[in-house]
Amino acid sequence: MSINQKRAGTVEGVDNTKRAERILRMPKASGISPEKTSRQDTRYLKSEKLIQQALHQGLTNRQINMKAGDICRLATITRPTFYAHCRDSNDALRKYEVRLQANFNNRLPQARCKHDTVFTILLTFVYDKRGYFRATIPNSDFWLLNTFFDNIRPRLVSKNIGDRTYEYYVRTQIVIINDWAEFGKFAKNAIPKYVHKLMQTRLVDPSV
C-alpha cells in the first residue's frame with residue numbers, strides 16, 4: 001500500500017482526526033535467556049532505526065508515495081523485518097511523524113514565552129526538517145503542521161477562543177508557511193520576515 005499523497009489537513013479545512021501511534025512490543029517467551037533477549041532487542045532497535053533513516057532519505061528525495069518495498073530497499077531489510085515493525089508504509093510514515101512531533105515539542109520551553117519566540121522555534125524546526133516538508137507541503141499535506149498548531153494553541157490564544165476561530169487562524173498561518181516553502185524555498189535568512197507575518201495574523205470569527 002502506498003503512502004497517500006494527500007492526507008488530513010489542507011488549507012481549505014482542518015481535519016482533527018486522531019492518529020494513534022502503534023505500540024510495538026517485543027514478544028515475550030519463556031525459556032529465553034536475558035542475553036538472547038538483549039540481542040533481539042538490539043536487532044529490533046537497529047531495524048527500527050534503519051526504517052526511520054530510509055523514510056528520511058526517501059522524503060528528502062520527495063518520495064511521498066513510498067511503498068513498503070521502497071522502504072525495505074533503502075533500509076536494506078527484508079519485508080518480514082519491516083512488517084515486524086509496521087503494518088504498512090502509511091504506518092511507517094505515521095511513526096516517523098510522531099517522532100518529528102516529539103522532537104518539536106522538546107524544543108519548546110517549559111515556561112510560557114512570547115509569540116515571536118514560539119513562531120521562531122516553529123519555522124526553525126521546519127527549516128531543520130525541510131526534507132520532510134519539501135515532500136509533504138507541495139502535496140498539500142499539512143497534517144503535521146496542524147498538529148504543531150494544536151500543541152502550541154495554549155501558548156498562542158486564550159481558552160475562551162472557539163475552535164472555529166482558531167482553525168481559521170491556523171489555516172491562515174499555514175498559507176503563510178506554504179508561501180515561505182514555495183516562494184522562499186525555506187530560506188533560513190527569511191525566517192524573521194515570516195515570523196513577522198505570522199505575528200500579524202489576527203484572530204477572526206469566520207461566522208461574523
Side-chain angles (χ1 to χ4, degrees), residues 3-4 6-11 14-24 48-49 51-60 62-64 66 86 90-157 159 161 163 166-167 169-182 184-199 201:
I3 296 173
N4 296 329
K6 291 188 178 181
R7 296 174 298 137
T10 65
V11 172
V14 177
D15 187 340
N16 290 321
T17 302
K18 300 295 182 183
R19 297 177 359 166
E21 177 184 9
R22 186 186 184 194
I23 300 175
L24 298 170
E48 181 76 15
K49 184 177 180 179
I51 291 172
Q52 294 295 310
Q53 290 174 341
L55 280 164
H56 176 75
Q57 180 180 344
L59 289 168
T60 300
R62 306 190 185 188
Q63 293 178 254
I64 191 63
M66 293 174 70
C86 310
N90 281 307
D91 188 38
L93 179 62
R94 282 192 292 270
K95 291 185 66 179
Y96 182 82
E97 290 172 325
V98 165
R99 287 174 181 264
L100 290 180
Q101 184 179 348
N103 290 340
F104 172 70
N105 290 340
N106 288 337
R107 294 196 184 189
L108 295 170
Q110 294 292 329
R112 293 187 65 86
C113 54
K114 294 182 178 180
H115 290 183
D116 60 339
T117 301
V118 175
F119 290 138
T120 299
I121 292 172
L122 172 62
L123 294 189
T124 301
F125 184 86
V126 172
Y127 171 80
D128 291 343
K129 306 299 180 182
R130 59 192 179 280
Y132 166 85
F133 290 102
R134 278 175 175 160
T136 53
I137 287 179
N139 290 288
S140 298
D141 183 348
F142 305 114
W143 179 84
L144 192 57
L145 284 175
N146 277 311
T147 302
F148 288 169
F149 274 100
D150 283 344
N151 293 342
I152 62 178
R153 178 173 178 170
R155 298 171 181 267
L156 299 179
V157 300
K159 293 181 179 179
I161 298 299
D163 290 343
Y166 188 68
E167 287 170 3
Y169 170 82
V170 170
R171 289 199 297 270
T172 304
Q173 300 294 58
I174 288 179
V175 168
I176 293 172
I177 296 173
N178 183 73
D179 181 74
W180 173 49
E182 183 177 356
K185 307 300 181 185
F186 296 98
K188 188 175 184 178
N189 60 4
I191 288 178
K193 169 185 174 182
Y194 282 92
V195 166
H196 179 72
K197 288 187 175 184
L198 294 173
M199 290 286 294
T201 302

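- For the residue pair L93 and L55, the shortest heavy atom distance occurs at N-CD1, 4.2 Å.
- Taken from CZ in R130 to NZ in K185, the straight-line distance is 14.0 Å, to the nearest 0.5 Å.
- Here the straight-line distance linking atom CZ of F142 with atom CD1 of I137 works out to 6.0 Å at 0.5 Å rounding.
- For the atom pair CG of L108 and CZ of F148, the computed distance is 9.0 Å after rounding to the nearest 0.5 Å.
- With sequence neighbours left out, N151 forms a side-chain hydrogen bond (donor to acceptor under 3.5 Å, both in side chains) with N105.
- Using a 4.5 Å cut-off on side-chain heavy atoms (C-beta onward), F149 and L156 make contact.
- The closest side-chain donor-acceptor pair between T201 and Q173 falls under 3.5 angstrom.
- Listed for the T117 side chain is no donor-acceptor partner under 3.5 Å among the backbone atoms of C113.
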Decide yes or no on side-chain contact (heavy atoms from CB on, under 4.5 Å) for T172 and E167, but give the supporting numbers first. CA-CA 9 Å; T172 304; E167 287 170 3; over 6 Å; no

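- Put simply, CG on N103 and NZ on K129 are 5.5 Å apart, with the number rounded to the nearest 0.5 Å.
- In this structure, D150 and V170 have side chains that are not in contact, with every pair of non-hydrogen atoms separated by 4.5 Å or more.
- Contact of the K197 side chain with the P192 side chain is not registered, since no non-hydrogen atoms from C-beta on lie closer than 4.5 Å.
- Minimum interatomic distance between K95 and C86 (heavy atoms only, all atoms of both residues): CD-SG, 4.2 Å.
- Residues passing the side-chain hydrogen bond (donor to acceptor under 3.5 Å, both in side chains) test with T124, sequence neighbours excluded: none.
- For the residue pair A111 and R155, the shortest heavy atom distance occurs at O-NH1, 3.5 Å.
- The aromatic rings of Y96 and Y132 lie tilted to each other, with the angle between the two planes from 30° to 60°.
- Screening F125, F133, W180 against F186 for a ring-ring contact (aromatic ring centres under 6.0 Å, His included) leaves a single residue, W180.
- The nearest pair of heavy atoms linking Y169 to L198 is OH-O, 4.5 Å.
- The distance from the NE2 atom of H196 to the CD1 atom of I176 is 10.5 Å, given to the nearest 0.5 Å.
- Checked by atom type and distance alone, the side chain of N106 pairs as donor or acceptor with a backbone atom of A102 at under 3.5 Å.
- Under a 4.0 Å N-O distance rule, the pair R153/D163 qualifies as a salt bridge.
- With hydrogens and angles ignored, the 3.5 Å screen pairs no side-chain donor or acceptor of N178 with any backbone N or O of I174.
- Looking at L122 and V195, their side chains never come closer than 4.5 Å, going by heavy atoms from C-beta outward.
- A heavy-atom distance below 4.5 Å is not found between the side chains of W143 and T136.
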May I have the step-by-step check of salt bridge (Lys or Arg N to Asp or Glu O under 4.0 Å) for K188 and D128, ending in yes or no? CA-CA 9 Å; K188 188 175 184 178; D128 291 343; 5.6 Å; no

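- In terms of heavy-atom proximity, I161 sits nearest to Y166 at CG2-N, 4.3 Å.
- Look at R99 and E48 and you find a salt bridge, because one of the NZ, NE, NH1 or NH2 atoms lies within 4.0 Å of a carboxylate O, short of that distance.
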